[in-house]
Amino acid sequence: MSVPEYNYSEIEKKWQKIWADEKAFCASDSFDKPKYYCLIEFPYPSGAGLHVGHPRSNTALDIISRKRRMERYNVLYPIGWDAFGLPTENYAIDNNIHPSIVTEKNINHFREQLQRIGFSFDYSREVNTTDPKYYKWTQWIFLKLFENGLAYKDKININYCPSCKVGLANEEVVDGECERCHNKVVRRTKEQWMLKITDYAQKLLDGLDDIDFIERVKIQQRNWIGRSEGAEVDFAIANKDYKLRVFTTRPDTLFGATYMVISPEHPILDEFSSDIKNIDEVIKYREITALKSDMERTELNKDKSGVELKGIKAINPVNDHEIPIFVSDYVLMSYGTGAIMAVPGHDTRDYEFAKKFNLPIIEVVSGGNIEEEAYTDSENGVLINSGLLNGLKVPDAKKKIIQFLTDKNAGEKTINYKLRDWVFSRQRYWGEPIPLVKCDTCGWVPLPYNQLPLTLPEVDEFKPGEGGESPLANVTDWVNTTCPKCGKPATRETDTMPQWAGSSWYFLRYIDPHNDDELAAKENLNYWLPVDWYNGGMEHTTLHLLYSRFWHKFLYDIGVVTSPEPYQKRTSHGMILGENGEKMSKSRGNVVNPDDMVDEYGADAFRMYEMFMGAFDQPIPWSTHGVKGCKRFLDRVWRLQESIEGEEIRPDMESLTHKMIKKVSQDYEAMKYNTAIATMMSYVNDVYAKETISKREYLTLITLLNPVAPHITEEIYHNLGGEGLLSLSEWPKWDESKCEDAVKEIAVQVNGKLRGTIVIPADADEKAIEGLALDQENVKNYIEGKTIVKIIVIKGRIVNIVVK
RNA sequence: GCGGGCGUGGCGGAAUUGGCAGACGCGCUAGACUUAGGAUCUAGUGUCAUUGACGUGGGGGUUCAAGUCCCUUCGCCCGCACCA
């Protein structure tokens with residue numbers, strides 16, 4: 001039979017249209033089948049368009065989604081747009097064009113690019129975080145958080161980006177720089193809306209035990225939450241009625257505390273400003289500190305700096321010694337209580353500080369050599385010079401001192417978390433308005449739910465207001481309103497929400513995207529949740545992934561959702577690098593555009609290479625040559641149409657075919673796409689060697705290949721006279737008994753070195769195998785004149801003859 | 001410093017978890033077909049050596065057997081960090 005040339009662009013367009021027309025990949029809400037919910041992180045539709053990194057995650061879960069459909073699941077594989085954010089706003093400012101226009105244009109471009117690659121997304125469920133019908137529910141969730149006391153406004157030191165003129169969440173600061181613009185972040189005091197994610201620290205930690213996240217992600221989240229057990233201890237200020245409270249993980253070393261250190265932002269400085277003789281010096285130090293980011297302040301090899309507070313002293317509660325108080329930038333107001341007791345003998349940082357400032361170093365835990373360095377072992381050390389604690393091991397000393405402090409009302413056991421509350425305000429235009437009204441009599445008043453969504457007002461200027469205020473502050477008509485509670489004149493909050501808001505719950509909206517009465521209908525949520533498999537980048541582990549788990553747990557607590565965790569399984573893909581092995585970026589000039597690949601090699605070859613290029617979870621450089629190789633393979637698969645002979649699987653292909661079904665099926669599940677594809681390549685090589693292929697063998701091959709290369713396989717299926725769509729046909733099953741070979745070739749070693757191979761029946765016993773091995777010509781040469789010490793036979797694997 | 005990971009041909013990577021190292025692909029070499037080849041097909045391709053030896057960053061160890069386990073060392077990547 002002769003077939004036309006493989007015209008990929010025609011074939012791909014044709015099937016993409018058919019799939020769309022027949023709504024082949026739309027999820028059904030009939031609830032009559034087992035469901036499977038696959039999720040990829042919805043893209044931020046940037047002006048630069050899609051890059052070859054996006055399709056890696058998309059294709060991986062497209063394969064899973066397509067396989068699940070063929071396994072007869074009701075599959076939800078949605079797509080949407082995380083469209084609020086700074087780049088769009090900055091573009092809008094630079095070009096004086098409304099961000100919504102830019103957003104729409106970018107979304108259309110992204111959608112076209114994605115559609116050309118043939119992902120089986122349910123486009124009927126698209127969501128867009130900037131759509132008022134969507135952010136109505138983002139605002140609704142915020143109001144619920146507010147109602148439940150999880151949103152509060154606080155005057156705090158925040159990370160401030162002088163370039164973007166916005167406050168940033170701690171989690172958004174990367175290496176002391178603004179994550180978006182890479183400019184240095186400074187500290188600045190500002191009233192901000194905060195979300196109490198810290199209230200959920202323990203739940204977020206505990207929840208990790210019950211879900212199937214790759215270990216790297218769990219570890220990273222645990223570290224970020226940073227639970228530590230310790231104690232808070234009160235140090236009195238001499239001659240004052242004031243207690244300076246510290247947090248310590250080593251209360252056992254209390255007798256070794258020879259000074260204290262407080263953060264430059266600590267309120268005690270204002271409290272005792274008239275008592276501190278060198279207050280001018282202290283204030284100057286505070287001003288210098290304010291310019292630094294936490295990262296700079298806490299850098300390990302940094303020279304210790306600080307100023308002693310002259311005129312006030314603290315009293316160690318266990319021995320009543322008066323000790324000096326220092327202010328130093330290495331103590332952060334945002335962790336613990338903003339003050340520490342310094343134990344230079346047993347803490348490395350305190351040791352360095354004490355050396356620099358010539359402070360006494362007392363050994364209170366024996367076992368190390370504090371002449372040389374701090375002894376920080378918290379397991380084996382034994383307490384000395386510590387009164388009631390002498391002779392105790394560290395863990396016992398901790399218990400005893402905590403009891404002692406509790407009895408004396410001078411402290412207590414506490415658990416501290418590294419995690420900080422989420423700074424939720426942005427002084428930007430392109431975000432969800434915060435639906436609150438400030439009334440002089442009633443305070444902060446939530447907008448009634450029936451007034452949602454509170455939409456963004458049209459403005460001409462998107463530039464931030466003076467002093468970093470939101471552009472919304474300039475829209476007087478919009479800002480001035482009446483109090484929903486008392487009806488008196490009041491003003492709206494002008495800050496907007498961060499980009500993380502819309503992305504914290506988008507997977508819920510996919511479940512019921514057009515519902516105007518609820519975030520999503522309860523029965524739909526019950527059916528679809530949790531997300532069965534969520535794949536995304538490692539860079540979102542501590543930001544998006546943690547935030548959305550927090551929101552979900554809150555929604556669970558107030559009865560909106562019925563699953564305690566949003567995502568049952570989380571995997572992560574490695575980054576795709578440029579051909580030169582460096583990170584792909586415009587400035588490096590090594591960006592590869594997927595459109596070019598689709599044009600030149602077709603979507604199927606492109607998808608296939610994305611999966612074939614290497615281990616899915618590892619970073620990998622792009623190679624356009626590699627795409628070519630995949631295209632060649634698809635050409636070979638296509639040409640098999642000329643070599644069809646016979647209907648059913650031929651005996652000599654049976655084991656190979658069943659082994660392929662097994663290997664490909666299992667490898668897809670384990671995200672070992674590269675070896676799954678290699679298996680199919682080998683199979684095709686074998687078929688070429690045999691020159692013909694039966695129809696059943698061919699159908700099996702294209703069915704297994706379909707999730708990776710859906711267009712070409714759909715076309716071949718159609719040419720073979722297949723009914724309906726291959727994409728909705730049944731996944732092949734393998735017969736375990738047919739995966740075994742009747743005969744096997746195994747290696748024969750002498751003293752661990754390969755000396756020959758033998759072919760044995762699968763059921764051969766050890767004696768027979770030994771005999772065959774010893775009979776090998778080459779083996780004989782190596783055992784001649786030597787004594788056989790023993791013969792090791794590993795069934796189906798290897799024979800090793802040990803001689804002397 | 002702590003936590004996680006990586007190191008295998010010219011390149012991307014395989015290796016049933018202790019059992020024939022280098023599957024599969026790229027690239028390269030030779031040949032066939034062709035007016036032509038950046039198409040296709042066939043054969044070859046770890047290194048050195050004409051029987052064999054050596055080979056998974058280096059060194060040591062356990063074992064009949066090590067890319068895989070243990071010790072040690074070097075290099076690289078990622079995350080977190082004066083976190084008290």
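Bear in mind that the values here come from a model prediction, so they are computed numbers and not experimental data. Each chain gets a letter, A, B and so on, in the order the sequences are listed, and its residues count up from 1. Note that these values count all heavy atoms, side chains included, but never hydrogens, waters or copies made by symmetry.
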Legend entry - Steps toward side chain to side chain donor-acceptor pair (under 3.5 Å) verdict (Asp350(A), Tyr330(A)): CA-CA 10 Å; Asp350(A) 298 345; Tyr330(A) 78 85; 3.0 Å; yes
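- Atom CD1 in Ile677(A) sits about 12 Å away from atom P in G25(B), given to the nearest Å.
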Inset, instruction - Apply the test side-chain contact (heavy atoms from CB on, under 4.5 Å) to residues Leu704(A) and Tyr683(A): give CA-CA distance (whole Å), side-chain angles for both, the deciding distance (0.1 Å), then the verdict. - result: CA-CA 12 Å; Leu704(A) 294 174; Tyr683(A) 188 83; over 6 Å; no
Where do N or O atoms of nucleotides 36-43 of chain B meet protein N or O atoms at under 3.5 Å, pair by pair?
residue, atom, partner, partner atom, Å
U40(B), O3', Arg639(A), NH2, 3.0
C41(B), OP1, Arg636(A), NH1, 2.8
C41(B), OP1, Arg639(A), NH2, 3.0

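- Annotation: cation-pi geometry not satisfied between Arg639(A) and Tyr6(A) (NZ/CZ under 6.0 angstrom from ring centroid, within 45° of ring axis).
- The glycosidic torsion of G9(B) lies within 90° of 0, placing the base in the syn range.
- Nucleotide C76(B) forms a Watson-Crick or G-U wobble pair with G5(B), both donor-acceptor distances falling under 3.5 Å.
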Inset, instruction - Indicate for each nucleotide in nucleotides 11-21 of chain B, in 5' to 3' sequence, whether protein heavy atoms under 4.0 Å reach the base (B), only the sugar-phosphate (S), or nothing (-). - result: -BSSS---BB-
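- The interatomic distance linking Ile415(A) (CD1) with C83(B) (C1') rounds to 16 Å, in whole Å.
- Using a 90° window around 0 for the glycosidic torsion, U17(B) falls inside it and is classed as syn.
- In this structure, CG of Asp350(A) is placed 11 Å from P of A84(B), rounded to the nearest angstrom.
- Looking only at distances, no side-chain donor or acceptor of Glu232(A) sits under 3.5 Å from a matching main-chain atom of Gly411(A).
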What N/O pairs connect the protein and nucleotides 53-55 of chain B at under 3.5 Å? Give each pair on its own line.
residue, atom, partner, partner atom, Å
A53(B), OP1, Arg755(A), NH2, 3.4
A53(B), OP2, Arg755(A), NH1, 3.4

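- In terms of position along RNA chain B, the nucleotide closest to Ser682(A) lies nearer the 5' end than the nucleotide closest to the other residue of the pair Ala339(A) and Ser682(A).
- Of the possible donor and acceptor atoms, none in the side chain of Asn416(A) sits under 3.5 Å from a partner among the backbone N and O of Phe247(A).
- For the pair Ile219(A) CD1 and G5(B) P, the computed distance is 6 Å after rounding to whole Å.
- In this structure, Phe353(A) has its ring center closer than 6.0 angstrom to the ring center of Phe326(A).
- A43(B) is paired with U29(B) under the Watson-Crick or G-U wobble criterion, all donor-acceptor distances under 3.5 Å.
- RNA chain B is contacted by both Gly629(A) and Arg250(A); Gly629(A) maps to the nucleotide lying nearer its 5′ end (nearest heavy atom per residue).
- Between the CZ atom of Arg420(A) and the C1' atom of A81(B) there is a distance of 11 Å, rounded to whole Å.
- A straight line from CG of Leu419(A) to P of A81(B) spans 12 Å, rounded to a whole angstrom.
- Under the Watson-Crick or G-U wobble criterion, with both distances below 3.5 Å, A21(B) is left unpaired in every strand shown.
- A salt bridge is defined here as a Lys NZ or Arg NE, NH1 or NH2 lying under 4.0 Å from an Asp or Glu carboxylate O, and Glu736(A) with Lys662(A) meets this definition.
- Ser328(A) contributes a side-chain N or O that, together with a main-chain N or O of Ser305(A), makes up a donor-acceptor pair within less than 3.5 Å.
- Using a 4.5 Å heavy-atom cutoff, the side chains of Leu205(A) and Gln221(A) are not in contact.
- A49(B): no Watson-Crick or G-U partner with both key distances under 3.5 Å is found in any strand.
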